[in-house]
Amino acid sequence: MTPVLALFLLFSPAIHEPPALLLHGGSAAPRAWLGAIRSALWVCWDDGSRRGAPDAACWQRVDLPPGAPDPREARAAFLDAATAVVRGADDATFVLTRGDPSLQLADAVIDPRERLAAIACSPNGHVPIYSRGSWAWAPSLARCRPVSASAARRSRGRAGRSGWTSSCA
């Protein structure tokens with residue numbers, strides 16, 4: 001290995017990026033995504049996939065108020081195409097609404113069960129990736145398929161309110 005290559009690999013931001021943790025909106029919000037990188041939460045309300053290839057410009061960073069859960073440890077669910085619920089380990093519940101870039105403290109009526117996770121497939125054939133400080137889309141290895149929560153438990157996959165498993169078809 002040459003010294004130049006070694007320096008490039010050592011200081012290349014892509015080498016040191018943690019994998020993006022993701023949650024697809026499922027049937028409640030089929031074009032929406034939540035993403036977490038380090039302790040930052042991001043949302044894409046409409047990935048643009050109904051018009052063709054997904055649009056990387058859809059991602060918006062979410063403002064986390066004091067006491068908000070670490071997105072890497074939180075549970076989340078999309079209620080619809082304009083509303084997501086995020087709950088931390090301390091059971092504090094927050095609502096994220098399209099058009100408002102911040103989490104708002106809410107009553108604990110909804111109990112989201114899914115954690116954001118690294119995934120390799122999606123229902124639209126593309127997965128979000130975070131590289132060199134910005135979001136992009138990559139072709140997924142396969143398309144995920146909707147299944148019931150009980151079928152997901154039987155197959156050892158994970159499905160929450162969204163009804164999408166993290167296993168690929």
Side-chain angles (χ1 to χ4, degrees), residues 1-26 28-78 81-89 94-104 112 114-145 157-158 160 162 164-169:
M1 180 179 307
T2 68
V4 173
L5 180 59
L7 285 173
F8 173 75
L9 292 174
L10 180 63
F11 293 106
S12 174
I15 300 297
H16 301 290
E17 291 288 352
L21 301 179
L22 303 164
L23 178 68
H24 182 261
R31 288 180 291 281
W33 293 84
L34 282 176
I37 294 293
R38 295 184 188 89
S39 60
L41 182 65
W42 295 77
V43 65
C44 170
W45 291 110
D46 183 354
D47 64 16
S49 61
R50 73 178 175 280
R51 297 181 299 274
D55 180 9
C58 72
W59 290 96
Q60 174 184 15
R61 189 172 181 150
V62 175
D63 298 330
L64 301 177
D70 182 329
R72 298 167 295 188
E73 304 298 323
R75 298 179 315 269
F78 280 91
T83 313
V85 175
V86 179
R87 179 177 275 182
F94 296 84
V95 172
L96 180 62
T97 306
R98 190 173 187 164
D100 182 357
S102 60
L103 288 178
Q104 302 296 323
E114 276 214 56
R115 293 192 185 277
L116 282 69
I119 60 172
C121 63
S122 78
N124 71 6
H126 290 84
V127 291
I129 58 170
Y130 191 82
S131 178
R132 301 182 190 271
S134 63
W135 287 94
W137 297 91
S140 64
L141 301 175
R143 291 182 186 261
C144 297
R145 59 181 188 263
R158 287 188 35 103
S162 67
W164 292 97
T165 103
S166 57
S167 62
C168 297

For residues 81-89, please give each side-chain donor-acceptor pair under 3.5 Å, one per line with the distance, not counting sequence neighbours.
residue: Thr83; atom: OG1; partner: Asp80; partner atom: OD1; Å: 3.0
residue: Arg87; atom: NE; partner: Thr93; partner atom: OG1; Å: 2.8
residue: Arg87; atom: NH1; partner: Asp111; partner atom: OD1; Å: 3.0
residue: Arg87; atom: NH2; partner: Thr93; partner atom: OG1; Å: 2.9
residue: Arg87; atom: NH2; partner: Ala108; partner atom: O; Å: 3.4
residue: Arg87; atom: NH2; partner: Ile110; partner atom: O; Å: 3.2

Any side-chain to backbone donor/acceptor pair from [X] onto [Y]? Under 3.5 Å, distance only.
X	Y	result
Arg115	Arg72	no
Ser140	Cys121	no
Ser49	Ala53	no

For [X] and [Y], work out which heavy atoms get closest and say how close.
X	Y	value
Leu103	Ala68	CD1-CB, 4.3 Å
Gln104	Asp100	NE2-OD2, 3.3 Å
Asn124	Pro54	ND2-CG, 4.2 Å
His24	Ala29	CE1-O, 4.4 Å
Trp45	Thr97	CZ2-C, 3.7 Å
Ser102	Leu96	O-CD1, 3.8 Å

> Quick one: side chain to side chain contact (heavy atoms under 4.5 Å, CB included) partners of Pro128, sequence neighbours excluded?
Replying inline: Leu22, Trp33, Trp59, Trp135, Trp137
> Arg50: what forms a side chain to side chain contact (heavy atoms under 4.5 Å, CB included) with it, not counting sequence neighbours?
Replying inline: Arg31, Asp46
> To the nearest 0.5 Å, what is the distance between CD (Glu73) and CG (Leu21)?
Replying inline: 9.0 Å
With a 4.5 Å limit on heavy-atom distance, are the side chains of [X] and [Y] in contact?
X	Y	answer
Leu64	Leu41	yes
Val62	Pro101	no
Asp55	Asp47	no

